[in-house]
Chemist: 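Have a look at the structure that comes next, please.
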Amino acid sequence: MVECASAPGDRWYEELAQLRAENARLRAELGAGGARFRDLVEAMPHLVWTCDAEGSCDYLGPQWGAYTGRSDPSQLGLGWLEQVHTQDRERVHAEWLRCSKARIPLDVDFRIKRADGTYRWFKTRAVPSFDARGNLQRWLGTNTDIEDLRVTEAELRALRDTLEQTVATRTEELGILSERLVRATRAARVGIWDWDVASNTSIWDDNMYQLYGLDRATSPSAGEIWFGALHPEDKPRIVDAVELALRSGKQLDARFRIVIPTGPIRHMHVIASVERDAEGRPLRMLGVNWDVTTEELALQQLRETEQRWNFALQGTGDGVWDWNLETDEAFLSERSRELLGHPRTGVITRADRARAVHPDDFERVRAGMQAHLRGETQCFSEEYRVRRPEGDFVWVHGLGRVMARDSRGTPLRMVGTYKDITERRLAQAALEQRETLLRQFIAHTPAAIAVLDRDMRYMQASQRWLTDYKLVGQDIIGKSHYEVFPDLPERWRDVHQRVLSGGVDSCDDDPFVRSDGSVEWLQWEARPWHEADGSIGGVIFFTQVITTRKQLELKLAERNEQLSRSNAELEQFAYAASHDLQEPLRAVTGCTQLLAHRYESALDADAGLLVRHIVDGAARMKTLIEGLLQLSRVNGRASRTATGATWAARQALLNLDASIVACNARVSLEPLPDVVADATQLVQLFQNLIGNAIKYQNGRTPEVSITSQPVAGGHQFSIRDNGIGIAHEYFERIFGVFQRLHTREEYPGTGIGLSICRKIVERHGGRIWLESAPGCGSTFHFTIMN
Ligand code: ADP
C-alpha cells in the first residue's frame, strides 16, 4: 500500500485499514481469547452491539435477533436503523453526531421495533473508543429495554402530576384557609401562641399582643408578658393548671383575668395542648386565647341577678316551683321542699302535691287550678293548708301562672311560688276570735253601747242600747243614727262632728226631749274610734238612761235642801236657845247662891239640901249650855290659817294644867307639824282628847303621848292614854251628842266633847277614829288635810 501522507483521502483509507486491522485483531482476540467474554456479552439481557465511527454496525448480539426477530446480516451496517422508530431516527442521528463530535459517550433513548411489530423503548448507551492517535475508531453499545421503566416513569410522572396538582390545590386551599384563619382569628380576637417548653420561649401572633394591649415591637418577651399580666388572685390556679396539663397530657382549658396597662381587668379563655417527644416528655404547648370579658361580665351580672333573686326569695321566704305538665314532673326549690316537708331530692308529681292539700281546701284549690289551666283566669292564687309528713299543717299561698301552651292551648309549663302564711292565718284567726269576742261583749254588756262609722251609720249596738231606746226588733245595722232618731236635737249633731274630728265629749245628765214631749235623762260619752292606720273610723257611744236616778236625785237634792234649811234653823235655834238660856240661868244661879248665903241659918236642913241641889243643877245646866254653845259655834267652813300643831297642843295642855297637876299626869308631846287649820278649833280638839285621856282613868297615874305622822294630803295626829279603854261596840256611838258610857258619879261630863271633836275634824276635811279595848287604854286618831 502506497503511503500518501498528505492526501486526506489517503489518510481516511489508512485509518479505515487500521480500523479493519484493529477489528480483525479484536475479532481475532475475541475469537481466540474472548469466548468467555462473548458468552458473557450474550448472556446479558441487553442488546449488545458494536459499530464503526460512522455508525455502521459490525456486530449485533444475539439478543437483537431475539428481540427484533431479525438476525439476518442485513441488520448490520445501517440496516438496524429500520428497526428504530421513524419519529426517533432523526433525534438519534443528531445525538450521535453530537457525541461523536464531542467524543463523549452516547446516551439516548429511542424505540426499537419488536418482532411482533410493537415498539419498546430502549436506553442506548455507547462508549467511543479511539485509536492510538486519538481518532474515534468505533462504538461499543448496549440497548437496554426500558419500556417498563418508561411506563413506570410515565405512571410515576402522571402520579406526580396528580400529586402536584393535589398539593397545589391543597396548598392553595391551605393558603385560603390560612388567610381566612388569620382573618377569622383577628375578627374573633383569638390569639395563637406556641411555647417551647425546653427553651421556655414563646411565640405569639399579633392577636395575642392585641389582646394584651401591647405593641409587639416594644414589648418584652411573650413569656414575661403572660406571667406578668396574670391577675395575682388567678396566678396560683393557672400555674397549677399549666403544670397539670404538662404532667397529665390533658388539655389546658381555663379562664383567668389579666391586668393590662391599657385598661380595666380583662377575662381570657385559654385552650392549649401539649406536644411530647417519643419518651413522652413535653416539647411544646400550643394554644389559643380569646377575650371573654363581655361574656364573663354578663355571667357575673347573671350570677348577681341570680344571687339577688335567691336573696329576694330567701328574704320573702317564698319557695319556687316549676311544673312540666307534659312529663308531670315538678321542680321544687329547696325552700319549697322544706316548706312542704318533701325530701330534698326526687320527682314531685301532681298527685303528690294534691294528696297533701287539706281535705277541706281540696275542692276549692282543684277548681282554682282547673280554671287557670283552662285559661279562664290570669293566674292561680289560692290560700290553703298543706299536710306535712309529720302530720302538721302549714298554711300556704300558692301563686302560679301557665308560662307555655301548645298551639291548641294545652298548658305545657307552669311556674309559681309558695308562701308560708301560717303565722298570718293564725294571727287572722286570733283577730277574728277577738273580734267575735268584742262583738259578743258589746252585744251583751249591761250598758248601752253603739258603734257607728264615719257616716254615723250603725255598725254595732248592744242589747241594752236596743232596749234603752226601744229599738228591739228593729234592724238598725247599716242605718243612719239620724234615721233611727229623727228627733235628735241639733246640738247633738254638733257633738258628733266634734267627735269625728277627734274630740271626746261627755255629759253626766243630759235631758233628751222626745217628740212626744217626754223627757229622757241621759248620761253619755262619745269618743272616736280609730282605724289601723290611725285615721278616725267613726264614733262609739256609751250611754245610760238615768231618768229614774235623775228623778230620785232631784228629789234627794230637794230633801237635802229642806234638811240643811231645817238644820241651819236648828243650829240657829240651838245657839239662840243656849245663848239666851245663859241669862236666866245666871239669874237662877246668882239668886240661889245669894239665898243659900244669906239665909243659910234661917233654912232648915231640908231647905238647905234643896238649895244645894238647885245650885248643882244650875251649875250642870251651865256646863251643858256652854257645851251646846261650843258645838253650835263649830259651824260652816273653818277659817283656816297656818297653825303650829305643837303650839295648839301646848295651848290645850296649859288650859288643862290644873287637872294635869291634880292627878299627876305624865304627858309626852313630840314635835308636831304646822297645819292649815282654825287655831281655836285645833286647840279645842287637842284639849277635849287630852282631857278625856286624863279623865278616863281607873286610879292609875295617867300617861298620855301625843304624836303625829304625815299621810297623803295631810297629817295624822294620835293621842294615846293608859286609861280604862272602850269596848269595840261603842266606837261609833261615843261620837254622838250626849252619848256617855258612864254615870256622872263615875266620871263627870256632858257627852258633847267627842261630837265637837268630830265636827271640827270634818270641818278640816279629815276624819276621827279610835283603837281601844277595855282595860288597855285608848288611842284617838284624827287627820287634818291640807
Ligand atoms: P264626856 O267626857 O263629857 O262624857 P265625851 O263626848 O268627851 O263626853 O265622851 C263621851 C264618852 O266617851 C265618855 O262619857 C266616855 O265614856 C267615853 N270616853 C271618851 N274619852 C275616853 C277615854 N279616853 N277613855 C275612856 N272612855 C272615854
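In what follows, every heavy atom counts, from backbone to side chain, and hydrogens, waters and symmetry copies are set aside.
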Chemist: What's the spacing between Ile726 CD1 and Ser772 OG if we round to 0.5 Å?
Modeler: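 With rounding to 0.5 Å, CD1 (Ile726) is 5.0 Å from OG (Ser772).
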
Chemist: Using the ring pair (Phe, Tyr, Trp, His ring centres under 6.0 Å) criterion, which residues pair with Tyr747? Sequence neighbours excluded.
Modeler: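 Ring pair (Phe, Tyr, Trp, His ring centres under 6.0 Å) check on Tyr747 returns Tyr696, His742.
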
Chemist: Could you walk me through whether Arg586 and Glu583 satisfy the salt bridge (charged side-chain N to carboxylate O under 4.0 Å, His left out) test, starting with their C-alpha distance in whole Å, then the side-chain angles of each, then the deciding distance to 0.1 Å, before giving a yes or no?
Modeler: CA-CA 5 Å; Arg586 261 197 299 274; Glu583 180 51 29; 3.3 Å; yes

Chemist: To the closest 0.5 Å, what do you measure between CD (Gln697) and CD (Glu703)?
Modeler: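 So the CD of Gln697 and the CD of Glu703 are separated by 8.5 Å.
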
Chemist: Is it true that Glu558 and Lys555 have a side-chain N and a carboxylate O under 4.0 angstrom from each other?
Modeler: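 A salt bridge is absent here (no side-chain N lies under 4.0 Å from a carboxylate O).
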
Chemist: Would the distance check show the side chain of Thr643 and the main-chain N or O of Thr641 forming a donor-acceptor pair, the cut-off being under 3.5 Å?
Modeler: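 Side chain of Thr643 to backbone of Thr641: a pair is present.
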
Chemist: Looking only at atom types and distance, does a side-chain atom of Asn688 sit under 3.5 Å from a main-chain N or O of Ile752, one as donor and one as acceptor?
Modeler: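 Not a single qualifying donor-acceptor pair exists.
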
Chemist: Examine the side chains of Ser718 and His781 and answer whether a donor and an acceptor come within less than 3.5 Å of each other.
Modeler: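 The answer is yes; a qualifying pair exists.
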
Chemist: Do Phe780 and Leu754 have side-chain heavy atoms sitting under 4.5 Å apart?
Modeler: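 They are in side-chain contact.
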
Chemist: Going through the distances and angles, do Gln428 and Arg424 end up as a side chain to side chain donor-acceptor pair (under 3.5 Å)?
Modeler: CA-CA 6 Å; Gln428 203 172 321; Arg424 173 162 72 71; 3.3 Å; yes

Chemist: Atom CZ in Arg720, atom OG in Ser668: separation rounded to 0.5 Å?
Modeler: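 With rounding to 0.5 Å, CZ (Arg720) is 7.5 Å from OG (Ser668).
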
Chemist: Does the ring center of Trp492 lie less than 6.0 Å from the ring center of Phe485?
Modeler: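 No - the distance between ring centres of Trp492 and Phe485 does not fall below the 6.0 Å cut-off.
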
Chemist: Is the terminal nitrogen or CZ of Arg335 (NZ for Lys, CZ for Arg) located under 6.0 angstrom from the six-membered ring centre of Tyr418 and within 45° of that ring's axis?
Modeler: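 No, cation not above the ring by the 6.0 Å, 45° rule.
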
Chemist: Strictly distance-based, threshold 3.5 Å: is any side-chain N or O of Gln460 a donor or acceptor partner for the main-chain N or O of Arg439?
Modeler: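 The answer is yes, because a donor-acceptor pair under 3.5 Å joins these two groups.
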
Chemist: Using a strict 4.0 Å threshold on nitrogen-to-oxygen distance, state whether Arg758 and Glu732 make a salt bridge.
Modeler: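 Counted as a salt bridge, because a side-chain N and a carboxylate O are separated by less than 4.0 Å.
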
Chemist: Please tell me if the side chains of Arg612 and Leu609 come closer than 4.5 Å, counting only heavy atoms from C-beta onward.
Modeler: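 They are in contact (side-chain heavy atoms under 4.5 Å apart), so the answer is yes.
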
Chemist: So, Asp361 and Arg385, do they make that salt bridge, N to O below 4.0 Å?
Modeler: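 Salt bridge present between Asp361 and Arg385.
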
Chemist: Specify whether Phe393 and His358 have parallel, tilted or perpendicular ring planes, treating 30° as the upper limit for parallel and 60° as the lower limit for perpendicular.
Modeler: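 Phe393 vs His358 ring planes: tilted.
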
Chemist: Looking at Ile724, is its backbone amide N or carbonyl O close enough to the side chain of Asn698 to form a donor-acceptor pair, meaning the two atoms are under 3.5 Å apart?
Modeler: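 Side chain of Asn698 to backbone of Ile724, a donor-acceptor pair under 3.5 Å: no, none is there.
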
Chemist: With ring centroids as reference points, do Phe782 and Phe686 lie under 6.0 angstrom apart?
Modeler: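 Yes: the rings meet the under 6.0 Å criterion.
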
Chemist: Please answer whether the main-chain N or O of Pro446 pairs with a side-chain N or O of Arg464 as donor and acceptor at a distance below 3.5 Å.
Modeler: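 At least one qualifying donor-acceptor pair exists.
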
Chemist: Taking the cut-offs as 6.0 angstrom to the six-membered ring centre and 45 degrees off its axis, would you call Arg527 and Trp529 a cation-pi pair?
Modeler: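 Relative to the ring axis of Trp529, which defines the angle, Arg527 lies outside at least one limit.
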
